[in-house]
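Take a look at the structure below.
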Protein chains: 2
Amino acid sequence: MSKAANTRLTILQKAFELIYSKGYQTTSIDDIIATTQVTKGAFYYHFKTKDEMGVAIIEEILRPTMLESFIKPVENSANPIEDFYNMISYLLLDDPFLQVKYGCPVGNLTQEMTPWNNQFSKALTELVDQWKITIEKAVANAQKSGLIRKDVNGEQVAYFIMSGYWGIRNFGKLQDNNSCYIVYLKEFRNYLNSLK
Amino acid sequence: MSKAANTRLTILQKAFELIYSKGYQTTSIDDIIATTQVTKGAFYYHFKTKDEMGVAIIEEILRPTMLESFIKPVENSANPIEDFYNMISYLLLDDPFLQVKYGCPVGNLTQEMTPWNNQFSKALTELVDQWKITIEKAVANAQKSGLIRKDVNGEQVAYFIMSGYWGIRNFGKLQDNNSCYIVYLKEFRNYLNSLK
DNA sequence: GCTGTTTCATACTAATTGGTATTTTTTATG
DNA sequence: CATAAAAAATACCAATTAGTATGAAACAGC
């Protein structure tokens, strides 16, 4: 990787960490250049505005990790019920990229940016839609193989799973404690079994 | 109500509307005094800091409406399954206090303020805990009267319902469209029936 | 109607914000 | 090594931020 591409990536990564922990609005350019040791000139050479950098974070940092942790685990799944559970369980309890007290990066940005920045909304919607479609496909496959009842509606299940995940992440954040995740996962297991 | 108490309430109400639609950080004191037509002197007479006003909003604006829409509908409920559904349905589709594109005020503040303001977290936790306890009690009652299975865990159900609500509100916000609420409610109905 | 307290108005400040203009350094290519 | 372009460094700016200092009305009880 060229040196220039490297500073660009450093900015994105460090800025993401700051934004994930502090929020987008409260992370200033000065914050970013202070922690990255990159000068303002370099920053604005790589990004026209702060918002352009924000969108780049979604597309170049969040999207790949989302693909790895949210899409791959259930893509072409032979046993979606089990894989849904494992995916959510991993995300809540094990994923080293995510921290209890900071919640879900995608959820955070949605809450903060959606009402007044269309570019953010669009980029976030793409991520979320991809997850939704993956879940729907997995449900359809499981219905073919008889692991999930035929009268189950894939879109409903997708929304239900995703919203539950987003919501409980908010609780973890509020309480700064993952014990609510344990309780949640038990009921999530019950719900998944009800689809059989 | 005295004139002074009235200006105080006006500040809280208008500030809440601004914060609900724009976010806490991006709502400035100048914004608030501009829309309330109250001077800065008056504002700082009633509130020592912006954060003190924020906490007051949670306790004096959010708490009462929460009690009305989140607690009362399921308190002492004779048929919790039905009342759970009606409560969530009302909140998502009918409550005039809430708007699709702005999400859930409590959820918004949690996301935005929790990582770096303890007072907010504490005030929000109180609200949320009250809701949780109410749901748990309703489940216990329904188990006594045979409307919900004895092996169902009230705390798990409470977390599951609340997190689903918070999460789907995030989707509505992202899409600025309540059609996801319709889909969600169908699956929510299925889930509730699985408790019988 | 006098007086003290409550309530509000005005003018200000120091710090921070995102962004720009300009210059300097680094790098690739002939 | 010369040169042009890419990349980064420096110094600045206008606007906005939460909060303050100080004084003026409004209002109470006597």
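Note that the coordinates shown come from a computational prediction; the quantities given were computed from them, not determined experimentally. Throughout, a chain's letter reflects where its sequence line sits, starting with A, and its residues are numbered from 1. Excluded from the calculations below are hydrogen atoms, water molecules and symmetry mates; all remaining heavy atoms, backbone and side chain alike, are included.
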Contacts of [X] that satisfy side-chain contact (heavy atoms from CB on, under 4.5 Å) - sequence neighbours left out:
{"X": "Leu93(B)", "result": "Ser89(B), Asn178(B), Tyr181(B), Ile182(B), Leu185(B)"}
{"X": "Asp176(B)", "result": "Lys101(B)"}
{"X": "Ser145(A)", "result": "Leu147(A)"}
{"X": "Lys137(A)", "result": "Ile133(A)"}

Could Lys50(B) and Tyr24(B) be counted as a cation-pi pair, given that NZ or CZ must be under 6.0 Å from the ring centre and within 45° of the axis?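 Checked: cation-pi criterion met.
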Answer yes if the side chains of [X] and [Y] hold a donor-acceptor pair under 3.5 Å, and no otherwise.
{"X": "Lys173(A)", "Y": "Asn170(A)", "answer": "no"}
{"X": "Lys3(B)", "Y": "Asn6(B)", "answer": "no"}
{"X": "Asn190(A)", "Y": "Glu187(A)", "answer": "yes"}

Contacts to DNA chain D from residues 50-62 of chain B, heavy-atom cutoff under 4.0 Å, which residues?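 Lys50(B), in order of number.
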Going by heavy atoms closer than 4.0 Å, what residues in residues 39-48 of chain A are next to DNA chain D?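 Going residue by residue through residues 39-48 of chain A, the ones with a heavy atom under 4.0 Å of DNA chain D turn out to be Thr39(A), Lys40(A), Gly41(A), Ala42(A), Tyr45(A), His46(A).
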I'd like to know if Glu112(B) pairs up with Lys22(A) as an ion pair, taking the criterion as any Lys NZ or Arg NE/NH1/NH2 lying under 4.0 Å from an Asp or Glu carboxylate oxygen.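 Salt bridge between Glu112(B) and Lys22(A), a charged N being under 4.0 Å from a carboxylate O: no.
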Could you tell me whether Arg63(B) and Glu68(B) have a side-chain N and a carboxylate O separated by less than 4.0 Å?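 No, this pair does not count.
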Establish, yes or no, whether a centroid distance under 6.0 Å links the rings of Tyr191(B) and Phe160(B).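 Distance test on ring centres: under 6.0 Å, yes.
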Could you go step by step and tell me if Glu59(B) and Lys122(B) meet the salt bridge (Lys or Arg N to Asp or Glu O under 4.0 Å) rule? CA-CA 11 Å; Glu59(B) 284 172 353; Lys122(B) 212 183 139 205; over 6 Å; no
For nucleotides 24-30 of chain D, read 5' to 3', which letter fits each nucleotide if B means a protein heavy atom sits under 4.0 Å from the base, S means only the sugar-phosphate is that close, and - means neither? -------
If you look only at pairs with a residue in residues 78-97 of chain A, which of them pass as a ring pair (Phe, Tyr, Trp, His ring centres under 6.0 Å), with sequence neighbours excluded?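 Counting only pairs at least two positions apart or across chains, the ring pair (Phe, Tyr, Trp, His ring centres under 6.0 Å) contacts touching residues 78-97 of chain A are Phe16(A)-Phe97(A).
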So if I take residues 7-35 of chain A and measure heavy-atom distances to DNA chain C, which residues fall below 4.0 Å?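 Going residue by residue through residues 7-35 of chain A, the ones with a heavy atom under 4.0 Å of DNA chain C turn out to be Thr27(A), Ser28(A), Ile29(A), Asp30(A).
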Contacts of Tyr102(A) that satisfy side-chain hydrogen bond (donor to acceptor under 3.5 Å, both in side chains) - sequence neighbours left out: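 Tyr102(A) satisfies side-chain hydrogen bond (donor to acceptor under 3.5 Å, both in side chains) with no other residue.
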Identify, with sequence neighbours excluded, every residue that meets side-chain hydrogen bond (donor to acceptor under 3.5 Å, both in side chains) alongside Gln99(A).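 side-chain hydrogen bond (donor to acceptor under 3.5 Å, both in side chains) check on Gln99(A) returns nothing, list empty.
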So what is the end-to-end bend of the helix from dG1(C)-dC30(D) to dG30(C)-dC1(D), with 5 pairs used at each end and the value given to 10 degrees?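 Nearest ten degrees gives 20° for this helix.
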